[in-house]
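Worksheet for the structure shown next.
Start at 1 and go down the list; that is how both ligands and their atoms are numbered.
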Amino acid sequence: MKFASTRNADYRLSFKEAVFQGLSPDGGLFYPLETPDLRGLFESFDSECSFQTVASGMIENLLGDEIPAADAQQLARRAFPFSPAIKRLNDQINILELYHGPSSAFKDFGASFLASSMEYFLKGSDHKAVILTATSGDTGSAVAKAFYDKENIDVVILYPSGRVSPLQEKQMTTLGKNIHALEVEGSFDDCQRMVKDSFTDSELDHIGLSSANSINLGRLIPQSFYYIWAESRLRGDHTTFCVPSGNFGNLTAGLYAKTWGLNVDHFIAATNSNDVVPSYLTSSIYEPKASVQTWSNAMDVGAPSNFERMQQLYSNDVEAMRKDIQGAIVNDDDTLGTMKMISDTYGYEVCPHTAVGIKAALDSGEKSVTVLSTAHAGKFTEVYEKAVGRKASLPDSLIAVKDLEKKSVLISNSSKDLKKKLLQMFS
Ligand SMILES: *Cc1c(COP(=O)(O)O)cnc(C)c1O
């Protein structure tokens with residue numbers, strides 16, 4: 001499989017190259033150039049299939065020219081010692097729980113696969129990599145856990161000061177060793193801009209920067225695996241996935257799976273008030289904005305990077321995109337109300353992001369919807385308590401970091417400051 005830049009289809013490269021470059025030099029994002037028909041493979045997965053089996057089959061079929069079959073199996077085992085799970089909420093809704101990994105959020109799937117792939121490609125070479133990533137919360141903790149103590153790799157995480165949950169902050173800032181956390185006086189969009197600026201700054205070339213946020217193909221590709229795994233369990237039962245979305249990596253991965261033959265009717269893209277994509281689907285006008293703060297803060301993205309991949313996939317045809325994606329916007333009151341309703345009615349705990357998805361699914365009028373549950377409720381204890389009136393249970397991953405001491409470096413939201421810092425650390 002070859003990959004290309006969304007801004008220049010002639011700029012082609014391998015998976016390995018795309019993984020280490022992260023972003024194309026022209027500012028574009030990498031996307032799969034080929035559209036293999038994998039229906040036969042998907043049908044070979046039955047409801048007993050482990051997630052590792054699905055992952056291994058997908059790696060072999062998509063990336064077989066760079067990762068041979070025997071290695072694919074081993075890579076799948078190393079990257080995914082955890083698995084998704086499916087819960088039936090009611091006659092209409094299934095929940096695809098994606099939070100059973102080391103940081104208790106779905107971003108573990110992407111981060112862990114990226115870390116294991118980089119480790120695989122760096123093995124036996126004397127290259128070093130520096131991962132530079134912006135996070136609105138969950139990317140940082142997932143990346144920190146995934147890369148912790150990996151050889152020949154350093155990680156620099158930028159996060160917006162005061163805009164991630166205290167526990168998310170702990171997860172990113174307490175590991176130490178090769179994990180460096182920078183607390184930015186600004187928004188997530190500032191963090192993303194600073195990261196983008198660094199990647200296009202030739203004076204930082206010698207450091208060997210790579211990205212690990214959802215723009216990296218190494219994170220995007222494995223996010224398609226759980227749609228395929230879920231479909232193998234739900235076969236015949238459903239055709240719609242509802243995806244709580246912010247930067248739209250999760251949704252884009254599902255769209256790719258559909259192009260490879262996944263049996264899905266369409267997707268619901270559920271956002272909070274940061275609604276530029278649902279608005280685009282309605283008005284045909286794309287207007288990125290500054291992000292606004294909501295209770296589902298990992299989705300507070302005003303200018304989603306992956307929209308560029310979505311545009312590429314549908315050749316800028318909003319009509320075509322509308323056939324596959326239905327937009328839904330859920331406000332903060334309904335988010336909290338849904339968390340409470342789910343607790344009262346089903347005795348089940350959901351995080352605010354998952355609540356956005358469930359509310360969108362309930363309102364969709366669809367007969368059967370599978371909602372991606374993107375994080376453990378216990379990662380958002382403050383919001384949970386506000387909504388439900390009692391504390392959510394804590395996942396093991398959080399119990400461990402609760403009382404550790406935060407170690408981060410405060411910096412301004414200017415790209416110049418970040419550059420100075422990077423040169424200090426790695427020159
Ligand atoms: C990142 C994140 C999202 C949004 O995912 P995207 O791929 O950026 O659209 C939703 N929920 C949680 C908990 C997240 O961490």
If you count the atoms of ligand 1 from 1 in the order shown, which ones are under 4.0 Å from a heavy atom of [X]?
X	result
Ala375	13 (C)
Asn250	7 (O)
Ser245	9 (O)
Pro244	4 (C), 10 (C)
Gly249	6 (P), 7 (O), 9 (O)

Legend entry - Lys/Arg-Asp/Glu bridge criterion (N-O < 4.0 Å) met for Glu119, Arg78: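 A salt bridge links Glu119 with Arg78.
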
Legend entry - Pair Asp91 + Lys367, salt bridge at N-O below 4.0 Å: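 Judged by the 4.0 Å cut-off on N to carboxylate O distance, Asp91 and Lys367 do not form a salt bridge.
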
Legend entry - Backbone or side-chain N or O of Phe380 under 3.5 Å from ligand 1 N or O: no

Legend entry - Polar contact flag for Gln223 and ligand 1 (N/O pairs, less than 3.5 Å):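 Between Gln223 and ligand 1 (N or O atoms, distance only) the closest approach is not under 3.5 Å.
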
Inset, instruction - Give a yes-or-no answer on whether the side chains of Glu185 and Ser161 include a donor-acceptor pair shorter than 3.5 Å. - result: no

Legend entry - Test ring-ring contact (aromatic ring centres under 6.0 Å, His included) applied to Phe109 and Trp229, Tyr227, Tyr226, the passing residue: Tyr226

Inset, instruction - Using non-hydrogen atoms of the residue, decide whether Phe106 is closer than 4.0 angstrom to ligand 1. - result: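 For ligand 1, residue contact (heavy atoms, under 4.0 Å) with Phe106 is present.
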
Legend entry - Ala212: side-chain contact (heavy atoms from CB on, under 4.5 Å) partners, not counting sequence neighbours: Leu114, Ile131, Thr133, Val143, Phe147

Inset, instruction - Sequence neighbours left out, what pairs pass ring pair (Phe, Tyr, Trp, His ring centres under 6.0 Å) with at least one residue falling in residues 301-327? - result: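 Output for this query lists Tyr280-Phe307, Tyr286-Phe307.
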
